[in-house]
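Small disclaimer: the values here were computed from a predicted structure and weren't measured. Quick note: residue numbers are just sequence positions, from 1.
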Amino acid sequence: MRPETVEQYAKALKAGQKYYRTAMARGGYPYLPVLDELLDESSISARVELGIISIPLSLVTGTKSAGRTTALAGNFMPLLPADSEFACKWMLLCDAHLDDAGISDPIRCYEYMGRFYVQEGNKRVSVLKSYGAPLIAARVTRLIPEYNDEPAVQMYYEFMRFYSLSRLYGISFRHRGWYARLQAALGMDEDQVWSERDRRSFSAGYVRFIQAFEKVNVEKLEITPAEAMLIWLETFSFGEIKELPLPELIKKLGSIWPDIKAKTQEAIALSTQPEEKDKSLLAKLLSVGHSDHIDIAFIYGFDPRHSAWTRAHDHGRRYLEEKLGSRVSIKLYNAFDKDYYSAMEKAVQEGAKLIFATTPQMIGDCRKIAVEYPDVKVLNCSLSLPYAGVRMYYSRIYEGKFITGAIAGAMAKEDVIGYVSNYPIIGESASINAFALGVKLTNPRAKIKLRWSCVEPQPVRELIDSGITVISNRDATNSSNPHWALEWGTYRLQEDGSMLPLAVPCWNWGKLYEQIVLSIFNGSWANVPPSKAINYWWGMNSGVIDVQLSDTLPDGVRSLAEILKQGIIDGTVEPFYTRIVDQEGRVRNDSSRPLSPEEIMTMDWLCDNVEGSIPSFDQIVPRARDTVRLLGIYRDSIPPEKEEKQL
């Protein structure tokens with residue numbers, strides 16, 4: 001034997017013995033997993049011969065049958081002494097590996113659930129693993145489990161579809177739909193088969209990305225390289241992975257690592273009300289020496305003259321200027337051409353240290369700006385987006401809907417009330433259900449006829465034509481809108497065809513903007529772990545939501561509305577702290593507890609007194625699809641949109 005061969009076996013033996021001792025000390029199994037002992041043959045639905053392919057050695061994790069299991073530790077390193085027959089054969093293979101020809105004979109193995117179990121060639125695997133080789137040639141038989149409800153099995157079926165297109169192993173996701181998202185992110189159609197050039201290009205970049213990933217993932221978190229790369233592709237290109245020097249790639253990956261942690265671990269921290277100034281000692285310490293002035297940029301995606309949504313935010317911007325005066329310098333940046341990045345970059349170059357991006361569609365460019373300018377605080381008007389680098393803000397409009405529902409139930413002459421919803425996005429089901437529970441509070445017999453403005457061209461007209469006289473339309477964007485009764489809010493149709501306004505929930509964005517800026521001044525902004533994705537979801541108790549009541553309301557109904565409003569503000573009234581049954585007859589709350597903010601925000605069901613359903617993605621009009629794709633109740637099941645070709 002060559003001296004280096006003997007030395008290599010000694011190193012491998014030492015690694016195997018260390019694994020064995022560690023496993024035994026922890027009460028674990030020290031040898032290779034045996035597929036025959038793990039697998040119930042009756043659960044296998046098919047066997048598929050994949051032929052001879054190159055497989056990642058990192059995925060070769062066990063042996064097919066028991067055999068001489070005591071010869072190898074669980075990391076495939078040897079356990080038998082150097083003078084054994086096993087060691088002699090191992091070193092002969094090692095000699096072959098060091099020769100020009102190398103180890104060329106493919107091993108024989110079985111693939112089950114993305115892992116490989118060796119039938120012939122355990123020593124070849126052991127030798128190559130000892131040298132850190134990435135791949136090995138193998139003749140593979142795939143064992144396909146019966147499809148069932150287990151998440152791991154469902155994910156494996158998604159992998160098999162991805163493999164049929166890419167012929168690639170080593171791409172591992174733990175979330176449904178992420179294989180399809182990778183295909184789309186790389187610029188491929190849903191069913192596009194990869195060319196050999198595509199495979200080579202991707203593999204070259206993926207190997208470099210794994211190198212950077214291993215350097216950045218110092219905590220050894222349960223995040224796969226593929227998951228991290230998919231999140232990378234939301235902000236940067238695949239070309240940068242191949243072109244950047246490795247130190248630059250590591251640095252850039254590190255800049256979005258908090259986003260990767262937040263999104264893969266679903267670490268969203270909901271802020272449901274402003275933090276009190278004297279509540280945190282750390283906030284007090286952080287506020288010492290902090291600047292009492294800040295330059296702020298508002299980014300508008302629509303013209304306030306034509307967009308009620310942007311007009312509401314502009315009203316909030318003016319409120320902020322009025323309240324904080326010389327403590328803030330505010331500039332507006334219009335991005336009506338959808339070039340949000342250029343508008344934000346210009347804002348930063350002109351001194352902005354705080355950016356409010358007022359529409360959800362800006363989130364991608366918000367993330368780029370946050371990475372490139374880490375000293376700039378960036379917020380996006382969205383909800384339930386798990387990015388640590390950009391904070392989200394929205395409001396609990398459902399609280400106002402609960403009150404208008406109670407008013408509608410009290411004012412309806414018949415037992416059917418119309419409700420027009422906008423888009424099926426996160427939080428919308430909570431608004432519908434809160435309204436329905438408010439109606440049930442004052443009229444237990446009433447049913448809610450649900451219609452969607454993103455599906456029907458004239459939902460209000462359809463409700464009126466069906467004989468309904470009390471209708472809840474869209475929400476007012478701010479309480480100063482003089483025409484809210486004509487197109488917003490809840491109203492009753494009079495006999496002469498006119499609309500009698502009743503009440504309308506409304507946003508007061510200025511209250512939120514003021515509290516956000518004050519949190520920066522007093523230091524509480526920084527009182528959050530950097531890996532947390534912060535979503536501000538504030539309601540009536542912070543002044544962000546209000547309900548405007550019509551002067552035409554009867555005194556008793558007005559008094560009830562005021563009582564409910566004050567109860568929500570002081571916490572004695574919670575709309576979802578009651579018995580709730582959904583349309584399928586399932587009890588969603590037995591009235592023993594309030595629903596958590598997370599349960600409310602992510603509702604994807606409707607109460608039993610609602611007639612109607614949540615529309616599917618293909619039912620909604622094209623103009624609504626970008627928003628629903630980003631924030632939709634069922635966004636994870638929407639087929640991803642193909643990006644530009646990246647390979």
Using side-chain hydrogen bond (donor to acceptor under 3.5 Å, both in side chains) as the criterion, list what pairs up with Gln515, not counting sequence neighbours. none
Test salt bridge (charged side-chain N to carboxylate O under 4.0 Å, His left out) applied to Glu462 - qualifying residues, sequence neighbours left out: Arg451
Taking ring pair (Phe, Tyr, Trp, His ring centres under 6.0 Å) as the cut-off, I'd like each qualifying pair that reaches into residues 539-585, sequence neighbours left out, listed once. Tyr398-Phe576
Assess the side chains of Thr469 and Glu414: does a donor N or O sit below 3.5 Å from an acceptor N or O? yes
Test salt bridge (charged side-chain N to carboxylate O under 4.0 Å, His left out) applied to Asp149 - qualifying residues, sequence neighbours left out: none
Before you tell me yes or no, could you show the steps for Ser596 and Glu599 under side-chain hydrogen bond (donor to acceptor under 3.5 Å, both in side chains), namely the whole-Å CA-CA distance, both residues' side-chain angles and the distance that decides it to 0.1 Å? CA-CA 5 Å; Ser596 70; Glu599 288 176 301; 3.3 Å; yes
Within the 3.5 Å criterion, strictly below it, is a donor on Thr272 or Trp537 matched to an acceptor on the partner's side chain? no
How would you list, by chain and number, every residue that makes a side chain to side chain contact (heavy atoms under 4.5 Å, CB included) with Glu584, sequence neighbours excluded? Asp582, Arg586
For this output row, return yes or no: ring centroids of Phe617 and Tyr634 closer than 6.0 angstrom. no
Partners of Gln566 by side-chain hydrogen bond (donor to acceptor under 3.5 Å, both in side chains), sequence neighbours excluded? none
Less than 6.0 angstrom from the centroid, inside 45 degrees of the normal: does Lys338 satisfy that with respect to the ring of Phe302? yes
If the threshold is 4.0 Å, N to carboxylate O, is there a salt bridge linking Glu234 and Lys263? yes
Is it the case that the side chain of Glu399 and the backbone of Ile545 share a donor-acceptor pair, with hydrogens and angles ignored and the cut-off at 3.5 Å? no
Test Tyr536 against every option in Leu383, Leu270, Leu379 by the side-chain contact (heavy atoms from CB on, under 4.5 Å) rule and name the one that passes. Leu379
Anything under 30° is parallel, anything over 60° is perpendicular, the rest tilted; go ahead and classify Phe298 against Tyr300. perpendicular
Donor + acceptor pair across side chains of Glu562, Ser559 (<3.5 Å): no
Could you label the plane-to-plane angle of the Tyr393 and Phe356 rings as parallel, tilted or perpendicular, counting under 30° as parallel and over 60° as perpendicular? perpendicular
Taking the six-membered ring for Trp, are the ring centroids of Phe238 and Trp232 within less than 6.0 Å of each other? no
Electrostatic pair Glu574-Arg593, nearest N-O below 4.0 angstrom: no
Between Arg176 and Asp636, is the closest basic N to carboxylate O distance under 4.0 Å? no
For Val439 and Ala408, the nearest pair of non-hydrogen atoms, with its separation, is CG2-CB, 4.5 Å
ring-ring contact (aromatic ring centres under 6.0 Å, His included) against Trp194, all qualifying residues, sequence neighbours excluded: Phe162, Phe202
Run Tyr319 and Tyr513 through ring-ring contact (aromatic ring centres under 6.0 Å, His included) and show every step you take. CA-CA 9 Å; Tyr319 175 93; Tyr513 291 138; 9.5 Å; no
Could Asp546 and Lys511 be called an ion pair, given the rule that one side-chain N must be under 4.0 Å from one carboxylate O? no
Not counting sequence neighbours, which residues clear side-chain hydrogen bond (donor to acceptor under 3.5 Å, both in side chains) with Asp189? List them please. Lys642
With a 3.5 Å cut-off and no angle check, do the side chains of Ser271 and Trp538 form a donor-acceptor pair? yes
With a sphere of 6.0 Å drawn around CD of Gln458, does it hold more than 12 non-hydrogen atoms of other residues, nucleotides or ligands? no
For Tyr156, check side-chain hydrogen bond (donor to acceptor under 3.5 Å, both in side chains) against everything at least two apart and list the hits. Glu111, Arg142
Residues which pass ring-ring contact (aromatic ring centres under 6.0 Å, His included) with Tyr340, listed by chain and number, not counting sequence neighbours: none
Among residues at least two apart in sequence or on other chains, which ones pass salt bridge (charged side-chain N to carboxylate O under 4.0 Å, His left out) with Asp314? Arg317, Arg318
Using salt bridge (charged side-chain N to carboxylate O under 4.0 Å, His left out) as the criterion, list what pairs up with Arg161, not counting sequence neighbours. none
Smallest separation among heavy atoms of Leu463 and Gly418, with atom names: CD1-CA, 3.9 Å
